[in-house]
Amino acid sequence: MAAAALRQKQAPIKDGYKSDPSSAVVTLKSSGTLDSSSITCKIDTGKQISEAKQKIAGLHQKAGGDDPEISGELCSGDMLLEALVACAGVTLKAVATALDIPIQEGTVRAEGDLDFKGTMGVDRNAPVGFTAIRLSFELKLEDGKEVAEDKIEKLGKLTERYCVVLQTIAKKPELSVSVRGTQESEEGVDKTLAWSQKS
């Protein structure tokens with residue numbers, strides 16, 4: 001029944017993407033804030049999400065998911081951008097501290113373009129996954145201490161170089177995927193089903 005309900009929910013969405021391909025293309029966004037109190041990055045989330053004790057991943061609304069402000073479910077694409085914002089923000093704060101760049105406050109933003117025709121199987125030529133990701137920092141430096149432009153350039157380069165999530169995205173790691181399931185047969189014996197692949 002769950003499969004039929006999902007197909008029924010997604011059918012009009014898929015039809016809409018076939019008749020208007022541009023409606024499947026969205027830009028997901030994430031942001032976080034920096035301050036002078038610690039080497040941290042506070043991730044901005046919706047009210048329902050921030051009150052949740054546990055983050056639950058679900059379908060994006062463009063794939064048939066419910067409104068995250070109601071369900072509390074997060075799109076994994078949003079979570080990826082949140083991880084990038086968090087890692088890049090913390091890395092920038094650590095590098096700024098090492099370079100003695102006095103950041104009073106700042107905002108970190110990540111945006112990613114995604115075409116749902118690919119992940120929904122509407123168009124086999126449409127890419128699955130982000131086609132572009134943009135990461136930006138807006139910083140307010142503390143008054144009274146002059147900071148040279150070459151120091152800001154070094155801050156940017158070192159943040160890019162040492163941000164684990166950014167480097168993982170930029171330099172595709174070796175990846176292996178496996179699926180394993182067990183099922184009890186009529187004779188009471190467990191049957192194992194498995195698949196794996198390296199990419």
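From a predicted model like this one, the values you see are computed outputs, not experimental measurements.
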Kindly work out whether a path of hydrophobic side-chain contacts (I/L/V/M/F/W/Y, heavy atoms less than 4.5 Å apart) joins [X] to [Y].
X	Y	result
V95	I103	yes
V90	L34	no
L81	V26	yes

Euclidean distance, [Y] [atom2] relative to [X] [atom1], rounded to 0.5 Å:
X	Y	atom1	atom2	answer
S23	D115	OG	CG	9.0 Å
S30	I43	OG	CD1	5.5 Å
L92	I101	CG	CD1	8.0 Å
S22	K117	OG	NZ	7.5 Å
E111	L135	CD	CG	10.5 Å
I39	C41	CD1	SG	12.5 Å

Can you name the nearest heavy-atom pair linking [X] to [Y], along with the distance?
X	Y	value
V147	P102	CG2-CD, 3.8 Å
Q10	A63	NE2-O, 2.7 Å
K9	G65	NZ-C, 4.3 Å
L193	K191	CD2-CE, 3.7 Å
D150	A148	OD1-CB, 3.0 Å
D35	K42	OD2-NZ, 2.9 Å

Please tabulate, for side-chain N and O atoms in residues 120-130, each donor-acceptor pair with protein atoms closer than 3.5 Å (sequence neighbours left out).
residue : atom : partner : partner atom : Å
D123    : OD1  : N125    : N            : 2.8

Atom pairs and distances, side-chain donor-acceptor, residues 151-170, under 3.5 Å, sequence neighbours left out:
residue : atom : partner : partner atom : Å
K151    : NZ   : L99     : O            : 2.8
E153    : OE2  : K157    : NZ           : 2.9
T159    : OG1  : L155    : O            : 2.7
Q167    : OE1  : K171    : NZ           : 3.0
Q167    : NE2  : E160    : O            : 2.7
T168    : OG1  : V164    : O            : 2.7

(Q) What I want to find out is whether K140 reaches E105 closely enough, with some N-O distance under 4.0 Å, to be called a salt bridge. (A)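 Answer for the salt bridge query: no.
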Q. So do T27 and R134 actually touch side chain to side chain, heavy atoms under 4.5 Å?
A. yes
Q.
Would you say that K198 contacts E174 through its side chain, given a criterion of any heavy-atom pair below 4.5 Å between the two side chains?
A.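 A side-chain contact exists here, since the closest heavy-atom pair is under 4.5 Å.
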Q: For side chain to side chain contact (heavy atoms under 4.5 Å, CB included), just list the numbers for L114 and V25, CA-CA rounded to whole Å, side-chain angles, deciding distance to a tenth of an Å, and then say yes or no.
A: CA-CA 6 Å; L114 188 59; V25 180; over 6 Å; no
(Q) My understanding is that only residues two or more places apart in sequence, or in another chain, count here; which of them pass side-chain hydrogen bond (donor to acceptor under 3.5 Å, both in side chains) with S196? (A)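 If we apply the side-chain hydrogen bond (donor to acceptor under 3.5 Å, both in side chains) test to S196, skipping adjacent residues, there are no hits.
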